[in-house]
Amino acid sequence: QVQLVESGGGSAQAGGSLRLSCAAFGSVSTNYAMAWFRQAPGKEREFVAGVQWSSESTRYGDSVKGRFTISRDAAKRTVYLQMNTLKAEDTAVYYCAADSLGGIVGVRNTAGPYTSWGQGTQVTVSS
């Protein structure tokens, strides 16, 4: 398993931007997919975006399509989430997660297959 450490959360106004980073410590093989999930108070954990480590193929949740972009830097073993045109409903704790088979089967949008998780970073968007 890999250890994941998120950074970059904070506060922004509606319409603004933030970029989250997730650094992976340990071996990230080409079989991996990395993803961002989020969880708002009283709500279930929601898939935001994911990327296959080798192919860089991406997948997005419907609520963030066209506004968020996920990318990865293999040399730095880091995954990024660029969040633009933020809305109040984007307020949540954002988690980075790793799926050791996602690079083979495709980016999965449920939390179960992800076996490594970061500690989470808070994003607060004010309207």
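Numbers for residues simply follow the sequence, beginning at 1. None of the values given here were measured: they were computed from a predicted structure.
Residues meeting the side chain to side chain donor-acceptor pair (under 3.5 Å) test with Ser54, sequence neighbours left out: none. Under the side chain to side chain donor-acceptor pair (under 3.5 Å) criterion, Gln122 pairs with Thr124, not counting sequence neighbours. Partners of Glu56 according to the side chain to side chain donor-acceptor pair (under 3.5 Å) rule, which considers only residues two or more places apart in sequence or in another chain, do not exist here. Every residue was checked against the side-chain contact (heavy atoms from CB on, under 4.5 Å) condition with Glu44, not counting sequence neighbours, and none meets it. When the side chain to side chain donor-acceptor pair (under 3.5 Å) test is applied to Arg72, no partner is found at least two apart in sequence or on another chain. The salt bridge (Lys or Arg N to Asp or Glu O under 4.0 Å) test applied to Lys43 returns no partner, not counting sequence neighbours.
Among residue pairs with one or both ends in residues 54-86, none qualify as ring pair (Phe, Tyr, Trp, His ring centres under 6.0 Å); sequence neighbours excluded. Applying the side-chain hydrogen bond (donor to acceptor under 3.5 Å, both in side chains) test to every pair with at least one member in residues 98-111, sequence neighbours left out, gives these pairs: Asp99-Arg108. For the ring pair (Phe, Tyr, Trp, His ring centres under 6.0 Å) condition, the pairs that include at least one residue of residues 7-43, sequence neighbours left out, are Phe37-Phe47, Phe37-Tyr114, Phe37-Trp117. Judged as a disulfide bond (SG atoms under 2.5 Å apart), the pairs with a partner in residues 17-97 (not counting sequence neighbours) are, in order, Cys22-Cys96.
Residues Trp53 and Asn31 fail the side-chain proximity criterion, which asks for heavy atoms closer than 4.5 Å. Under the 4.5 Å side-chain criterion, counting only non-hydrogen atoms from C-beta, Met34 is in contact with Leu4. The shortest side-chain heavy-atom distance between Val123 and Leu20 falls under the 4.5 Å cut-off.
Shown here for Arg77 and Gly26, the closest heavy-atom pair between the two residues is NE-O, 3.5 Å. Counting all heavy atoms, side chain and backbone alike, Gln119 lies closest to Tyr95 at O-CE2, 3.7 Å. Annotation for Gly102 and Gln52: closest pair O-NE2, 2.9 Å, computed over non-hydrogen atoms.
Under a hydrophobic clustering in which Ile, Leu, Val, Met, Phe, Trp and Tyr are joined whenever their side-chain heavy atoms come within less than 4.5 Å, directly or via other members, Val2 and Val107 fall into different clusters.
At distances below 3.5 Å, not a single donor-acceptor pair connects side-chain atoms of Glu6 with backbone N or O atoms of Ser21.
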Please tabulate, for the side chains in residues 81-91, all donor-acceptor contacts under 3.5 angstrom to protein atoms that are two or more places apart in sequence or on a different chain.
unit_1: Gln82; atom_1: NE2; unit_2: Asn84; atom_2: OD1; d: 2.9
unit_1: Asn84; atom_1: OD1; unit_2: Ser17; atom_2: OG; d: 2.9
unit_1: Asp90; atom_1: OD1; unit_2: Arg38; atom_2: NH1; d: 2.9
unit_1: Asp90; atom_1: OD1; unit_2: Arg67; atom_2: NH2; d: 2.9
unit_1: Asp90; atom_1: OD2; unit_2: Arg67; atom_2: NH1; d: 2.8
unit_1: Asp90; atom_1: OD2; unit_2: Arg67; atom_2: NH2; d: 3.4
unit_1: Asp90; atom_1: OD2; unit_2: Lys87; atom_2: N; d: 2.8
unit_1: Thr91; atom_1: OG1; unit_2: Ala88; atom_2: O; d: 2.9
unit_1: Thr91; atom_1: OG1; unit_2: Val125; atom_2: N; d: 2.9
unit_1: Thr91; atom_1: OG1; unit_2: Val125; atom_2: O; d: 3.4

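Counting side-chain heavy-atom gaps under 4.5 Å among Ile, Leu, Val, Met, Phe, Trp and Tyr, the cluster of Val105 also holds Leu101, Ile104.
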side-chain hydrogen bond (donor to acceptor under 3.5 Å, both in side chains) evaluation trace for Glu46 with Ser63: CA-CA 10 Å; Glu46 175 190 16; Ser63 61; 3.1 Å; yes
